Chemist: 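Would you mind keeping the following structure in view while I ask a few things?
All figures in this text were calculated on a predicted structure; none of them were measured in a lab.
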Amino acid sequence: MTGLPWAALAVNLAVAAGAAFAVMLTTFALARAKGLHRLVDIAWGTAFTAVALATCALSAGHGDDGRRILVTAATAVWGLRLSAHIARRGRGHGEDPRYERLLAKAPGSRDAYALRTVYLLQGALVGLISLPVQVAQYVPVPLGASAVAGAVVWATGLVFESVGDFQLGRFRANPGNRGRIMDRGLWGWTRHPNYFGDFLVWWGLFLLACGTVQAAAVAVVSPLVMSYLLLHGSGKRLLENHLADRPGYAAYTARTSGFFPLPPRRQPHQEDPRP
């Protein structure tokens, strides 16, 4: 393959992995001191931001400056917003039940088990999923139609994710909604507007990396992996298994799209009020 400075990109991949692991290991030290491994969720977006900033510094003189700045800014805005949101949501709460269940399976030291199965794994995933963020900044081609499309897809995803998180946070803040299923706003069109937003963000970043065929071929791994995780891994599937027994959830799933936004389905017993 030609068109990319492969030696410089290889060095970048190693440095970016180091940045991701540095964020995760720092978070592990803080989480161990506080006894709260849920802090790793805050580190997820921050680690991507660290990768984007490190790549921006290393790619100077290699890629198109407009693409470098756009991709770095897009990743930082998404990552820091996500970290801030998760930090606010978890303030004052104890350990996340997901990590309680995971660490209950630890064959020895819970901290060592958490380091292996949570922090190091997530660091590796950041390195893999951030491929478009890294590759895009080494593409020497000026911004074109694919970049414009990528920016639009990214922005749409960020809006979906941000609005969905805001609507859910406001719903949960009302004591009268305790035990109820959130089915308003974007949550009436998809059961997972935040995950769908994440899906669009990463396909948008992929399009931003599509300045050359070679760059696209390398970067496409990222949105494919992220799509799998959101739909079949630790995203939609895991959350729905957790919510399956909650009163009203079966009816909610019957009328609401599982992922891609669609108008709510009318229940069979409901009569159409129109003449």
Side-chain angles (χ1 to χ4, degrees), residues 10-58 72 75-134 161 165 194-195 198-199 201-202 205 221-239 241-242:
V11 171
N12 195 107
L13 291 171
V15 173
F21 283 120
V23 171
M24 290 299 170
L25 291 175
T26 301
T27 305
F28 171 71
L30 292 172
R32 188 169 181 269
K34 292 179 174 291
L36 285 176
H37 289 293
R38 71 183 305 152
L39 295 180
V40 72
D41 294 338
I42 300 173
W44 179 251
T46 304
F48 282 103
T49 302
V51 167
L53 292 173
T55 300
C56 189
L58 289 171
T72 300
T75 307
V77 167
W78 168 80
L80 295 178
R81 187 216 71 87
L82 181 61
S83 290
H85 166 70
I86 294 175
R88 285 194 303 269
R89 186 182 67 188
R91 188 179 299 139
H93 293 278
E95 185 62 281
D96 190 307
R98 293 175 302 157
Y99 296 121
E100 286 285 6
R101 290 193 294 270
L102 176 66
L103 297 179
K105 304 173 184 176
S109 167
R110 286 166 61 97
D111 287 332
Y113 188 70
L115 178 63
R116 295 194 308 272
T117 61
V118 178
Y119 295 87
L120 295 181
L121 175 60
Q122 291 206 24
L125 282 173
V126 169
L128 177 64
I129 294 170
S130 65
L131 278 175
V133 178
Q134 300 180 64
E161 192 171 349
D165 285 339
N194 48 353
Y195 292 158
D198 229 9
F199 171 88
V201 161
W202 285 99
L205 289 171
V221 173
S222 164
L224 291 175
V225 170
M226 182 59 91
S227 298
Y228 177 82
L229 291 175
L230 290 170
L231 286 163
H232 306 292
S234 58
K236 175 181 182 292
R237 181 187 62 82
L238 191 63
L239 180 59
N241 287 343
H242 174 68

Chemist: Test of understanding: with ring pair (Phe, Tyr, Trp, His ring centres under 6.0 Å), list the residues that count as partners of Tyr195, not counting sequence neighbours.
Modeler: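 Residues passing ring pair (Phe, Tyr, Trp, His ring centres under 6.0 Å) with Tyr195: His192.
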Chemist: Around Arg32, counting heavy atoms of other residues, nucleotides and ligands shown, do more than 12 lie under 6.0 Å from its CZ?
Modeler: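 No, because the 6.0 Å sphere around CZ of Arg32 holds 12 heavy atoms or fewer from other groups.
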Chemist: Looking at Glu95 and His37, what are the two nearest heavy atoms and their distance?
Modeler: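 Reported closest heavy-atom pair: OE2-N, 2.7 Å.
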Chemist: Looking at Thr49 and Thr75, what are the two nearest heavy atoms and their distance?
Modeler: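 Result for this residue pair: OG1-O, 4.0 Å.
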Chemist: I want to check something: taking the side chain as every heavy atom from C-beta on, are Met226 and Val201 in contact at a cut-off of under 4.5 Å?
Modeler: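 Result no, sub-4.5 Å side-chain heavy-atom pair not found.
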Chemist: Please identify each residue that fulfils side chain to side chain donor-acceptor pair (under 3.5 Å) with Arg116, with sequence neighbours left out.
Modeler: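 None.
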Chemist: According to side chain to side chain contact (heavy atoms under 4.5 Å, CB included), who are the partners of Ser227, at least two apart in sequence or on a separate chain?
Modeler: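 If we apply the side chain to side chain contact (heavy atoms under 4.5 Å, CB included) test to Ser227, skipping adjacent residues, the hits are Phe199, Trp203.
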Chemist: Starting at CG of Leu25, measure out to CZ of Phe21 and round the result to the nearest 0.5 Å.
Modeler: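 Reported value, rounded in 0.5 Å steps: 8.0 Å.
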Chemist: Kindly determine whether Asp41 and Arg89 satisfy salt bridge (charged side-chain N to carboxylate O under 4.0 Å, His left out), including the steps that lead there.
Modeler: CA-CA 11 Å; Asp41 294 338; Arg89 186 182 67 188; 5.2 Å; no
Chemist: Do Gln122 and Val40 make a side-chain contact, defined as non-hydrogen atoms from C-beta onward lying under 4.5 Å apart?
Modeler: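 Of all side-chain heavy-atom pairs linking Val40 with Gln122, at least one is under 4.5 Å.
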Chemist: Under the rule for side chain to side chain donor-acceptor pair (under 3.5 Å), what residues qualify as partners of Trp202, not counting sequence neighbours?
Modeler: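 So Trp202 forms no side chain to side chain donor-acceptor pair (under 3.5 Å) with any residue.
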Chemist: Of the non-hydrogen atoms in Gly127 and Ser130, which two are nearest, and what is the gap between them?
Modeler: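 Closest approach of Gly127 to Ser130, heavy atoms only: O-OG, 3.2 Å.
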Chemist: Ignoring hydrogens and geometry, is there a side-chain-to-backbone donor-acceptor pair from Ser83 to Thr46 under 3.5 Å?
Modeler: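 Side chain of Ser83 to backbone of Thr46: a pair is present.
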Chemist: Nearest heavy-atom pair of Gln134 and Ala16: which atoms, and what distance?
Modeler: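 Heavy atoms of Gln134 and Ala16 come nearest at OE1-CB, 3.2 Å.
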Chemist: Going from CG on Leu102 to CZ on Arg110, what distance comes out if it is rounded to the nearest 0.5 angstrom?
Modeler: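 It comes to 9.0 Å.
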Chemist: Less than 4.5 Å apart, any side-chain heavy atom of Met24 and any of Val126?
Modeler: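 Result yes, sub-4.5 Å side-chain heavy-atom pair found.
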Chemist: Run the salt-bridge test on Arg88 and Asp165 with the 4.0 Å N-O cut-off and return the result as yes or no.
Modeler: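 Result for this pair is no, no salt bridge flagged.
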Chemist: Please enumerate all residues that pass side chain to side chain contact (heavy atoms under 4.5 Å, CB included) together with Leu39, with sequence neighbours excluded.
Modeler: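 Applying side chain to side chain contact (heavy atoms under 4.5 Å, CB included) to Leu39 gives Thr27, Leu30, Ala31, Lys34, Leu36, Ile42.
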Chemist: Which pair of heavy atoms, one from His93 and one from Arg38, lies closest together, and at what distance?
Modeler: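 The answer is CB-NH1, 3.4 Å.
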Chemist: Taking ring pair (Phe, Tyr, Trp, His ring centres under 6.0 Å) as the definition, give me every residue that meets it alongside Phe28, ordered by chain and number, with sequence neighbours left out.
Modeler: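 Per chain and number, Phe28 pairs via ring pair (Phe, Tyr, Trp, His ring centres under 6.0 Å) with Tyr119.
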Chemist: What I'd like to find out is whether the side chain of Thr55 reaches to under 4.5 Å of the side chain of Thr72, using heavy atoms alone.
Modeler: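 No. Closest side-chain heavy atoms not under 4.5 Å.
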Chemist: I need the Leu230 CG to Leu239 CG distance, nearest 0.5 Å.
Modeler: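 It comes to 11.5 Å.
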Chemist: Does the side chain of Glu161 come within less than 4.5 Å of Arg81's, by heavy atoms?
Modeler: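 Yes, at least one pair of side-chain atoms sits under 4.5 Å.
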Chemist: For a quick test of reading the model, state the closest non-hydrogen atom pair linking Lys105 to Arg101 and the distance between them.
Modeler: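 Of all heavy-atom pairs spanning Lys105 and Arg101, the closest is CG-O, 3.6 Å.
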Chemist: Using the ring of each side chain (for Trp, its six-membered ring), is Trp44 parallel, tilted or perpendicular to Phe48, with breaks at 30° and 60°?
Modeler: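 Perpendicular.
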